[in-house]
Amino acid sequence: MSENANPATSNFIRNIIDADLKQNKNDGRVHTRFPPEPNGYLHIGHAKSICLNFGIAEAYPGGLCNLRFDDTNPEKEDVEYTDSIQNDVKWLGFDWGDRLFYASDYYEQLFDYAKNLIRDGKAYVCHLSADETREYRGTLTEPGKPSPYRDRSAAENLDLFDRMRAGEFEEGECLLRAKIDMAAPNMNMRDPAIYRIRKVAHHRTGNDWCIYPMYDYTHCVSDALEGITHSLCTLEFEDHRPLYDWFLDQLPVPCHPQQIEFARLNLNYTVTSKRKLNELVTHKYVSGWDDPRMPTIVGMRRRGYTPEAIRDFCDRIGLTKNDTVIDVGVLENCVREDLDRRTRRVLAVLDPLKVVIENYPEGDTEYLDAPYHPNNPDMGQRQLPFSKEIYIEQSDFMEDPPKKFFRLGPGREVRLRYAYFITCNEVIKDNAGNIIELRCTYDPETKGGNAPDGRKVKGTIHWVSAEHALKTEVRLYDRLFNDPKPDSNRHEQDWKDFLNTESIQLIKEACLEPSLLHAKQEDSFQFERTGYFCVDKKDSVNGKPVFNRTVTLRDSWAKEKNK
RNA sequence: UGGGGUGUGGCCAAGCUGGUUAAGGCACAUGGUUUUGAUCCAUGCAUUCCCAGGUUCGAGUCCUGGCACCCCAGCCA
């Protein structure tokens with residue numbers, strides 16, 4: 001590996017931090033946090049944020065990054081998600097040490113701070129209904145008007161707020177609101193809600209509370225309580241920053257973190273909205289959150305993507321405030337690059353065509369040395385059984401080959417990888433005219449793949465001995481969508497209309513080299529000339545590994561063919 | 001003129017307080033190596049930085065005026 005291959009280390013957020021450090025702001029501390037709401041599985045977009053926040057902590061001496069669950073909406077949240085999120089962050093290779101926090105840890109403190117606000121005349125209990133609240137808020141171009149409850153006394157508000165907590169009001173009956181400015185051009189400043197009533201159990205606090213703090217109030221306070229220095233979030237929160245700062249300015253919090261916004265990740269041929277991913281799962285368009293076609297961390301993991309590849313991807317795409325769409329090809333390429341150097345090469349025939357080597361002794365088996373990696377001898381080698389009947393790939397034979405086709409055809413000679421040169425003498429077809437078998441002869445002098453007379457062959461193809469083949473299931477995965485922007489509104493159609501109907505192709509009986517019999521779950525291999533595959537961790541059983549295609553190899557022949 | 005943002009090659013993206021030939025990656029193209037049409041290597045790929053004016057010896061970087069796109073009216077985050 002080339003050292004210092006770390007691209008694009010410079011970005012606008014690091015520049016800000018560098019400048020802060022130069023001024024000794026925050027006493028030279030750098031402390032970030034990754035703050036997911038535990039209401040779904042993490043996906044590639046979260047990976048960008050994880051790599052950013054934890055990456056910054058790693059990059060600066062003494063830097064820290066917390067994992068904090070933003071669990072302020074009990075209706076949507078669950079421990080299923082807090083568990084999976086922790087697993088995913090760990091799997092990506094990051095460590096929050098002993099700094100795992102929950103916004104719900106701060107409920108009591110948040111409640112006390114809210115009383116500060118009330119005492120200072122900065123918050124009030126409002127009995128407007130949801131519809132009325134919307135009307136009073138005004139529109140983008142018209143100012144709102146004050147709630148009739150806006151000027152209650154602090155004492156009355158304090159009493160009302162305590163009664164809210166005590167459960168004396170029903171859901172929707174009232175709200176604690178910040179008293180800011182109903183005419184503010186920024187809608188977020190028009191007396192936003194601070195607490196609402198929800199009489200549902202919370203996954204951690206159970207039935208202790210029936211009022212829950214809103215994001216805008218909770219997030220800034222949580223950041224401050226944890227001593228966060230740089231609070232990084234996505235662009236849609238830009239308009240919330242004045243509110244973030246407003247709360248912290250009113251409250252006796254230990255510090256005032258700086259919110260900085262960056263653009264969220266968009267990938268083409270992919271959807272990442274939680275709602276849509278959820279729909280894919282619940283309506284069974286995929287097998288679950290961990291379906292190998294899903295852009296979730298668990299999905300990519302099951303597909304065979306590696307943490308290193310995902311982290312490399314996050315480094316490469318850079319960090320800006322530009323609203324951009326990254327080509328999934330970049331991700332796939334990071335995966336190829338990582339897998340190329342780390343996987344063992346093996347032979348696997350996915351679409352078998354039987355070849356009988358007529359001049360090979362009946363019943364004989366010999367074992368041929370085959371290195372696991374062409375450029376890395378340290379990865380060792382194994383022995384491949386060779387015999388009279390073998391399988392090759394259907395696509396490696398053409399009866400009437402076009403120009404530049406280097407593979408097998410009538411009368412042509414090719415090399416069987418690590419084995420012998422063979423020449424095709426006869427093509428056997430069934431009644432329907434399908435090619436079902438090839439009769440070939442081999443040249444015993446070419447053992448190992450070289451001819452003593454120096455003659456060359458243009459093609460080398462892979463093969464598996466028929467008698468020794470491990471027959472098992474292989475799944476070929478492809479992109480889930482066949483349109484670059486399945487969820488853009490330019491289409492008249494629903495985003496699900498762009499689902500790629502060929503995103504999974506099941507091969508019930510592929511023929512693999514026998515060494516693969518004992519492949520372990522999540523092991524990755526390169527099937528030579530075909531792609532990278534991993535052992536499915538759910539459906540594999542002892543003695544019968546099932547393989548998922550992670551990504552194909554680059555294929556310049558495919559390009560050539562289409563010319 | 002409701003507010004907040006963003007505009008550098010096909011896709012990303014560096015570019016500090018204006019200063020010689022506008023980084024790098026991906027993609028693409030061509031050539032070389034190769035027992036994977038893989039990998040690897042080499043070369044090429046923006047007279048120009050959304051547009052129009054202006055300031056300056058000199059502007060992607062400063063000023064003025066446009067244009068395009070994104071976000072905001074949850075008791076979601």
Side-chain angles (χ1 to χ4, degrees), chain A residues 5 7-11 15 18-19 35-37 39 70-73 75-77 126 128-130 133-135 137-144 171-177 184-190 192-198 212 214-216 218-219 233-242 261 263 268 274 315-327 329-330 333-334 336-337 340-341 345 347 370 373-375 404-407 415-419 421 446 448-450 456-462 526-531 552-561:
Chain A
T9 39
S10 149
N11 63 53
N15 292 345
D18 290 342
E37 184 190 13
N39 67 347
D70 234 327
D71 56 348
T72 55
N73 186 358
E75 290 168 301
K76 295 184 175 176
E77 300 157 5
C126 178
L128 253 25
S129 71
T133 305
R134 192 180 316 116
E135 277 170 39
R137 189 158 31 231
T139 69
L140 292 176
T141 51
E142 298 162 304
E171 287 191 12
E173 208 176 326
C174 55
L175 215 55
L176 184 70
R177 291 227 259 166
N186 181 342
M187 300 296 283
N188 295 300
M189 301 301 269
R190 320 243 263 226
I194 305 178
Y195 272 90
R196 77 289 212 183
I197 299 168
R198 283 289 175 278
Y212 291 93
M214 300 291 289
Y215 162 85
D216 283 306
T218 309
H219 202 90
C233 62
T234 43
L235 248 27
E236 64 269 28
F237 292 104
E238 245 166 347
D239 286 344
H240 296 239
R241 190 178 350 119
E261 311 84 10
N268 61 15
K274 236 167 227 179
D315 280 343
R316 285 197 209 189
I317 57 178
L319 187 80
T320 64
K321 300 181 75 147
N322 300 343
D323 183 18
T324 58
V325 180
I326 311 282
D327 194 319
V330 178
N333 205 63
C334 290
R336 281 194 192 97
E337 212 169 277
D340 172 61
R341 59 178 178 77
R345 272 59 172 166
L347 302 189
H373 192 116
N375 310 323
K404 294 190 184 171
F405 183 82
F406 305 153
R407 287 109 96 145
R415 172 166 39 231
L416 295 177
R417 177 134 241 228
Y418 307 125
F421 287 9
T446 58
N450 288 303
K456 303 285 184 201
V457 289
K458 275 175 294 193
T460 299
I461 64 175
H462 59 279
Q526 186 197 92
F527 289 3
E528 290 209 35
R529 305 207 306 133
T530 304
T552 61
L553 249 33
R554 274 213 193 80
D555 187 357
S556 57
W557 165 241
K559 279 181 207 163
E560 185 67 35
K561 257 194 312 196

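Excluded from the calculations below are hydrogen atoms, water molecules and symmetry mates; all remaining heavy atoms, backbone and side chain alike, are included.
Without hydrogens or angle criteria, A:D239 side chain to A:N186 main chain gives no donor-acceptor distance under 3.5 Å. Under a 3.5 Å cut-off, the side chain of A:R190 and the backbone N or O of A:R137 do form a donor-acceptor pair. At least one donor-acceptor pair under 3.5 Å links the side chain of A:D327 to the backbone N or O of A:G329. Looking only at distances, a side-chain donor or acceptor of A:R336 sits under 3.5 Å from a matching main-chain atom of A:T552. Not one N or O on the side chain of A:E142 forms a donor-acceptor pair closer than 3.5 Å with the backbone of A:G138.
Side-chain atoms of A:S10 lie closest to B:rA14 of the nucleotides B:rC28, B:rA38, B:rA14. In this structure, the nucleotide among B:rU39, B:rG3, B:rU36 sitting nearest to the side chain of A:D239 is B:rG3. Which of B:rC11, B:rG5, B:rA77 sits closest to the side chain of A:D327 comes down to B:rC11. Listed nucleotides B:rA14, B:rA77, B:rA38 differ in distance to A:N73; the shortest reach to its side chain belongs to B:rA77. When distances run from any side-chain atom of A:R554 to the nucleotides B:rG15, B:rA77, B:rA38, the shortest one goes to B:rA38. Closest to the A:R198 side chain, of the nucleotides B:rG15, B:rA73, B:rC76, is B:rC76. Closest approach to the A:L553 side chain among B:rU36, B:rA13, B:rC75 is made by B:rU36 (side chain taken as heavy atoms from C-beta onward). Closest to the A:R316 side chain, of the nucleotides B:rC26, B:rC70, B:rA14, is B:rC26. When distances run from any side-chain atom of A:R529 to the nucleotides B:rU36, B:rC11, B:rG74, the shortest one goes to B:rU36. When each of B:rA73, B:rA77, B:rC26 is scored by its nearest atom to the side-chain atoms of A:M187, the top-ranked nucleotide is B:rA73.
Residue A:R137 is in sugar-phosphate contact alone, with no base atom involved, counting any heavy-atom pair closer than 4.0 Å across all strands shown. Contact annotation for A:R345: base contact, defined as any heavy-atom pair under 4.0 Å involving a base atom. Base engagement by A:P374 is indicated by at least one non-hydrogen atom pair under 4.0 Å involving a base atom. Residue-level contact check: A:D340 touches the backbone only, with heavy atoms under 4.0 Å from sugar-phosphate atoms and none from bases. Within the 4.0 angstrom heavy-atom criterion, base atoms lie near A:F237. Heavy atoms of A:R415 sit under 4.0 angstrom from at least one base atom. Within 4.0 Å (heavy atoms only), A:L319 reaches sugar-phosphate atoms of the nucleic acid but no base atom. Here A:L128 lies in heavy-atom contact (under 4.0 Å) with a base. At a threshold of 4.0 angstrom between heavy atoms, the contacts of A:G172 include nucleobase atoms, whether or not backbone atoms are also involved. Here A:R190 lies out of heavy-atom contact (under 4.0 Å) with every strand. Here A:F527 lies out of heavy-atom contact (under 4.0 Å) with every strand. Across all strands, A:I326 comes closer than 4.0 Å only to sugar-phosphate atoms, never to a base (heavy-atom distances). Across all strands, A:D70 comes closer than 4.0 Å only to sugar-phosphate atoms, never to a base (heavy-atom distances). Contacts of A:L175 with the nucleic acid, taken as non-hydrogen atoms under 4.0 Å apart, include base atoms.
Straight-line distance from the CD atom of A:E261 to the C1' atom of B:rC72: 13 Å, rounded to whole Å.
Distances shown here put every side-chain N or O of A:T460 at or beyond 4.0 Å from the OP1 or OP2 atom of B:rU36. Side-chain N/O atoms of A:R196 include one lying less than 4.0 angstrom from OP1 or OP2 on B:rC76. Put simply, A:N322 has a side-chain N or O that comes within less than 4.0 Å of OP1 or OP2 on B:rA13. An OP1 or OP2 oxygen of B:rA38 is reached within less than 4.0 angstrom by a side-chain nitrogen or oxygen of A:S556. The side chain of A:S129 contributes no N or O atom lying less than 4.0 Å from OP1 or OP2 of B:rC75. Residue A:N11 places none of its side-chain N or O atoms closer than 4.0 Å to OP1 or OP2 of B:rA13. Applying the 4.0 Å criterion to OP1 and OP2 of B:rC75, one finds that A:R177 has every side-chain N and O outside that range. The shortest distance between the side-chain N/O atoms of A:K321 and the OP1/OP2 oxygens of B:rC70 is not below 4.0 Å. For A:T72 and B:rA77, the shortest distance from a side-chain N or O to OP1 or OP2 is below 4.0 Å.
Taking the P atoms as reference points, B:rC70 lies 15 Å from B:rU8, given to the whole Å. For the P atoms, the distance linking B:rG18 with B:rU30 amounts to 44 Å, nearest Å. Taking the C1' atoms as reference points, B:rG5 lies 27 Å from B:rG24, given to the whole Å. Atom name P, nucleotides B:rG7 and B:rG44: the rounded distance is 30 Å, in whole Å. One P atom belongs to B:rU39, the other to B:rA77, and the distance between them is 47 Å to the nearest Å.
Base pairing of B:rU21: no nucleotide in any strand meets the Watson-Crick or G-U wobble criterion (both distances under 3.5 Å). Both distances falling under 3.5 Å, in either a Watson-Crick or a G-U wobble arrangement, occur for no nucleotide opposite B:rA27. Nucleotide B:rC67 forms a Watson-Crick or G-U wobble pair with B:rG7, both donor-acceptor distances falling under 3.5 Å.
The shortest non-hydrogen separation linking A:I197 to A:E171 is O-CG, 3.4 Å. For the residue pair A:T133 and A:L128, the shortest heavy atom distance occurs at OG1-CB, 3.6 Å.
Remark: the A:E337 side chain and the B:rU39 base include no donor-acceptor N/O pair separated by less than 3.5 Å. Checked by distance alone, A:R407 brings a side-chain donor or acceptor within 3.5 Å of a matching partner on the base of B:rG37. Within 3.5 Å, no donor on the side chain of A:D555 pairs with an acceptor on the base of B:rG37, nor the reverse.
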- Show your reasoning for whether side-chain hydrogen bond (donor to acceptor under 3.5 Å, both in side chains) applies to A:R341 and A:N375. CA-CA 9 Å; A:R341 59 178 178 77; A:N375 310 323; over 6 Å; no
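With a glycosidic angle more than 90° from 0, B:rG10 adopts the anti conformation.
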